[in-house]
Number of protein chains: 4
Amino acid sequence: MARTRDLILEEALKLFSEKGIKETTVRDIARAVGITEGAIYRHFESKDQIVHELFEKYSGELYDRIEKALRDSGDEEGKFKRVVEAFLDFAFRKPDAFRYMNIFHHLRGKEVKRIRKIPFNLLSELIGDLHRKGILKMEPEYALAVVTGTLERVFLYKSMGIIRGRKKEIREKTAELLWKGLVECGGS
Amino acid sequence: MARTRDLILEEALKLFSEKGIKETTVRDIARAVGITEGAIYRHFESKDQIVHELFEKYSGELYDRIEKALRDSGDEEGKFKRVVEAFLDFAFRKPDAFRYMNIFHHLRGKEVKRIRKIPFNLLSELIGDLHRKGILKMEPEYALAVVTGTLERVFLYKSMGIIRGRKKEIREKTAELLWKGLVECGGS
Amino acid sequence: MARTRDLILEEALKLFSEKGIKETTVRDIARAVGITEGAIYRHFESKDQIVHELFEKYSGELYDRIEKALRDSGDEEGKFKRVVEAFLDFAFRKPDAFRYMNIFHHLRGKEVKRIRKIPFNLLSELIGDLHRKGILKMEPEYALAVVTGTLERVFLYKSMGIIRGRKKEIREKTAELLWKGLVECGGS
Amino acid sequence: MARTRDLILEEALKLFSEKGIKETTVRDIARAVGITEGAIYRHFESKDQIVHELFEKYSGELYDRIEKALRDSGDEEGKFKRVVEAFLDFAFRKPDAFRYMNIFHHLRGKEVKRIRKIPFNLLSELIGDLHRKGILKMEPEYALAVVTGTLERVFLYKSMGIIRGRKKEIREKTAELLWKGLVECGGS
DNA sequence: CATGAATGAGGTTTCATTCAT
DNA sequence: TATGAATGAAACCTCATTCAT
């Protein structure tokens, strides 16, 4: 079945995000899927291919969602908030994927360049835009640091139980808080 | 010599922070130090001991610096800014250690509980304090996410060359930006 | 093949009984079987598992044979002699296993307790029985020492060429000699 | 100090007899003595030298005791019993040495031939003598098996707590039991 | 497509021994 | 004599990958 291929990706993602990439063996993946090691190689050339394909898959997915959020929106505030919420929505819906993307980034940062759809770039452009239009006074690099850092941590603290509440509420609070903090207050 | 022990820690830190923990072999460390693999085991019981000792060492060091910053300060604003700056100062002075601590956290989060001096806890208390005193209106969990996330990213973007400038300047800008964004703007 | 697993056990037994357990390396075993070291670990989790499995296997086998000898017999004298002969029969047929069991006992005595089928226990019960019935006058602990010690040595001296003769003859002589020496002569 | 040399032998003996020869490291020995590994090599050329020296030392000591017992005795019965008691006396006084000699024999049987004073040989001659003189009717090889086997087991069961009682009592009982069993009953 | 045994390279660890001090 | 750091060989074990079935 073509389904097996997806199952492999699915289970690999789970394991990678829980234990780390190197810490997860091909055997672990095979057992989780319910097949044997050899069978993995009918679907993928190597473990590394799984690793990369997973990153590109979810990277692309998140990219597309953010792009959509950018298109569908109205004014600048709406745009910003929608993007932030799209990020968190993705993280909450697919926590394994979000965690995995961070792990991958940390360990294989250099390999990321070959990939086209990098969510970070959209965020970076959006913030650059806001700055160019005079809406965001603060230096955009710092704003980028605040936004990406906060998003990652909100997700992390939510999955650790430090931040509680309904997902929708968390998304909205975070978007509001970032907009206020960066745009309404941030002089340079 | 007792010197060798420190050299091992030093080179291990460098390698771990560059390539990851599992990705670094004992042989890598030995070669970097200029000894053989076996010699490592005269100084450490296992690779894992090196991994843990490094985390505790730098965790403790950062903890102590933040504690000192908390003691030496004046009003609440000064306290907050000083702590933020202490964090970044540590990160800029010992980037390998800072990067390593993040890697360790990501992968071995559960093992962190056994350790006493966790910098995160000081930050957490400080922000809890500010909230209790009515200075910080925002929910403290979110503020914590903003602060820790931003600190990590400012460091990261600086080491990637995205954020430029003198270290002192970066520290001060970041502290200012966080204080304004969280305290002066953050309604609930 | 499931065959490989048995081959590993077979060759390991041979080597352990010749050279000792610690003195035999996993590579030795692999070479004897004609595979690589790694392949061993597809069949056993560790060298120690091989060590234990071998002991339990042959311990159980000897146990079962003695139990059978106890069931099939007639009067007390027949019972005793049959058990003695069963012991030696096993030792002569599977000298490696018998030697190995002794080695294991000497070195890992404490680990024996976890095992259920211990041939020694059957012998101990039989002799206790004979004593309770008044057939054996001597203190049973001493009788046990004489029997187990003699059995081990007869086997040893036979394999060293000190004792010669057909196996059947040796078995019968030993049984006769022990019965006479212990029962017919042994006052307390 | 020349004393250190003896301490090394003493502690090595203890460790070898407890854990086995290969299972005891040079470091174990050094630590037990309270010196460092390197110091061992001031006194011995190699671990193997310790192993051999220990065997020869205690082998010789037991040999001499038995020889003395043979000289000091009266009639054949006295001779036999005295030798048996000398064996057990040695075993009870120096259990580590006795246990070690057995371990050594099991593992390095072939290396024993180079050694001159082998207690087994005295026993063997004594029993041969008894047989030649018509006192012992049984084939001497079997008698040897009974005697050596019983001695080893009586010692073993005593140190395991299976056989209890004062040492003198055990020695006498064993000697009596063997004499009766072998000589007074043993027809061929 | 799938199995599962096997490979082979490489990982961590152990340990008898050497050697500068 | 003694130290203790270091070596180097070899031990046990892991794992991505291949391959006959």
Side-chain angles (χ1 to χ4, degrees), chain A residues 1-5 21-31 33-51, chain B residues 1-5 7-8 22-30 33-51, chain C residues 1-5 7-8 22-30 33-51, chain D residues 1-5 8 22-31 33-51:
Chain A
M1 309 166 247
R3 183 90 193 99
T4 300
R5 197 173 195 282
I21 295 170
K22 194 108 202 243
E23 288 78 2
T24 298
T25 70
V26 173
R27 190 176 219 164
D28 288 337
I29 301 171
R31 272 211 264 261
V33 175
I35 57 179
T36 56
E37 300 162 77
I40 300 269
Y41 290 85
R42 295 277 144 200
H43 301 278
F44 297 92
E45 280 178 9
S46 67
K47 182 185 173 185
D48 222 55
Q49 196 194 319
I50 301 179
V51 168
Chain B
M1 305 168 247
R3 195 65 238 276
T4 301
R5 198 173 196 282
L7 272 177
I8 292 170
K22 193 104 201 240
E23 288 76 4
T24 299
T25 72
V26 173
R27 169 169 271 154
D28 288 337
I29 301 171
V33 176
I35 54 178
T36 57
E37 295 167 77
I40 300 269
Y41 290 87
R42 181 159 287 278
H43 301 277
F44 298 92
E45 280 180 8
S46 65
K47 181 184 171 185
D48 222 57
Q49 197 194 319
I50 301 180
V51 168
Chain C
M1 306 169 246
R3 195 64 237 278
T4 300
R5 196 173 197 282
L7 272 178
I8 292 170
K22 194 106 201 237
E23 288 76 5
T24 299
T25 71
V26 173
R27 169 170 269 155
D28 288 338
I29 301 171
V33 176
I35 54 179
T36 57
E37 290 169 80
I40 300 268
Y41 291 88
R42 180 159 287 280
H43 301 279
F44 298 92
E45 280 179 9
S46 65
K47 181 183 171 185
D48 222 56
Q49 196 194 319
I50 300 179
V51 168
Chain D
M1 309 165 245
R3 183 89 193 100
T4 301
R5 197 173 197 282
I8 292 170
K22 195 108 201 238
E23 288 78 2
T24 299
T25 70
V26 173
R27 189 176 219 164
D28 288 337
I29 301 171
R31 273 212 264 260
V33 175
I35 56 179
T36 56
E37 300 161 78
I40 299 268
Y41 289 85
R42 296 275 145 201
H43 301 278
F44 298 92
E45 280 178 10
S46 67
K47 181 185 173 184
D48 222 56
Q49 196 194 320
I50 301 179
V51 168

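Small disclaimer: the values here were computed from a predicted structure and weren't measured. Heavy-atom basis, side chains included; hydrogens, waters and symmetry copies ignored. Order of the sequence lines fixes the chain letters, A, B, ..., with proteins taken first and strands second; residue numbering starts at 1 for each chain.
- Considering only the side chain of D:Glu37, E:dA16 comes nearest among E:dA6, F:dC12, E:dA16.
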* Evaluate the side chain to side chain contact (heavy atoms under 4.5 Å, CB included) criterion for residues D:Ile8 and D:Ile35: first the C-alpha distance (whole Å), next the side-chain angles of each, then the deciding distance (0.1 Å), finally the verdict. => CA-CA 9 Å; D:Ile8 292 170; D:Ile35 56 179; 4.1 Å; yes

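- Look at CZ on D:Arg31: it is 12 Å from C1' on E:dC15, rounded to the nearest Å.
- For A:Arg27 and A:Arg42, each mapped to the nucleotide of DNA chain F holding its nearest heavy atom, the one lying further toward the 5' end belongs to A:Arg27.
- Using a 4.0 Å cut-off, some side-chain N or O of B:Thr4 falls inside it from OP1 or OP2 of F:dA6.
- At whole-Å resolution of the value, CD1 in D:Ile40 and P in E:dC15 are 15 Å apart.
- Contact annotation for D:Thr36: base contact, defined as any heavy-atom pair under 4.0 Å involving a base atom.
- Under 4.0 angstrom from either OP1 or OP2 of F:dT14 there lies no side-chain N or O belonging to C:Tyr41.
- Both B:Thr25 and C:Gly38 lie near DNA chain E, and the one whose nearest nucleotide falls closer to the 5' end is C:Gly38.
- Contact check, C:Ser46 against F:dC12: no side-chain N or O comes under 4.0 Å of OP1 or OP2.
- One interatomic measurement links the two molecules: CZ of D:Arg5 to C1' of F:dA2, which rounds to 16 Å at whole-angstrom precision.
- Between atom OG1 of residue C:Thr25 and atom CD of residue C:Glu23 there is a gap of 11.0 Å, rounded to the nearest 0.5 Å.
- Checking F:dA2 for Watson-Crick or G-U wobble geometry (two distances, each under 3.5 Å) identifies E:dT21 as its partner.
- Expressed to the nearest 0.5 Å, how far NZ of A:Lys47 lies from CD1 of A:Ile29 amounts to 6.5 Å.
- The side chain of A:Ala39 has E:dT3 as its nearest neighbour among F:dT17, E:dT3, E:dT12.
- Checked against E:dT17, F:dC13, E:dT7, the side chain of C:Ile35 finds its nearest nucleotide in E:dT7.
- For C:Lys47, taking side-chain heavy atoms from C-beta onward, the closest of the listed nucleotides F:dC12, E:dT3, E:dC15 is F:dC12.
- Comparing E:dA16, F:dA6, E:dC15 by their closest approach to the side chain of C:Lys22 singles out E:dC15.
- Proximity of C:His43 to the phosphate of E:dA6: a side-chain N or O atom is located under 4.0 Å from OP1 or OP2.
- The CZ atom of C:Phe44 sits 14 Å away from the C1' atom of E:dA5 (whole-angstrom rounding).
- Distance, B:Glu23 CD to E:dG10 P: 16 Å, rounded to whole Å.
- The CG atom of D:Asp28 sits 9.5 Å away from the CD atom of D:Glu37 when rounded to the nearest 0.5 Å.
- For B:Lys22 (side chain) and A:Ile21 (main-chain N/O), no donor-acceptor pair under 3.5 Å exists by modelled atom type.
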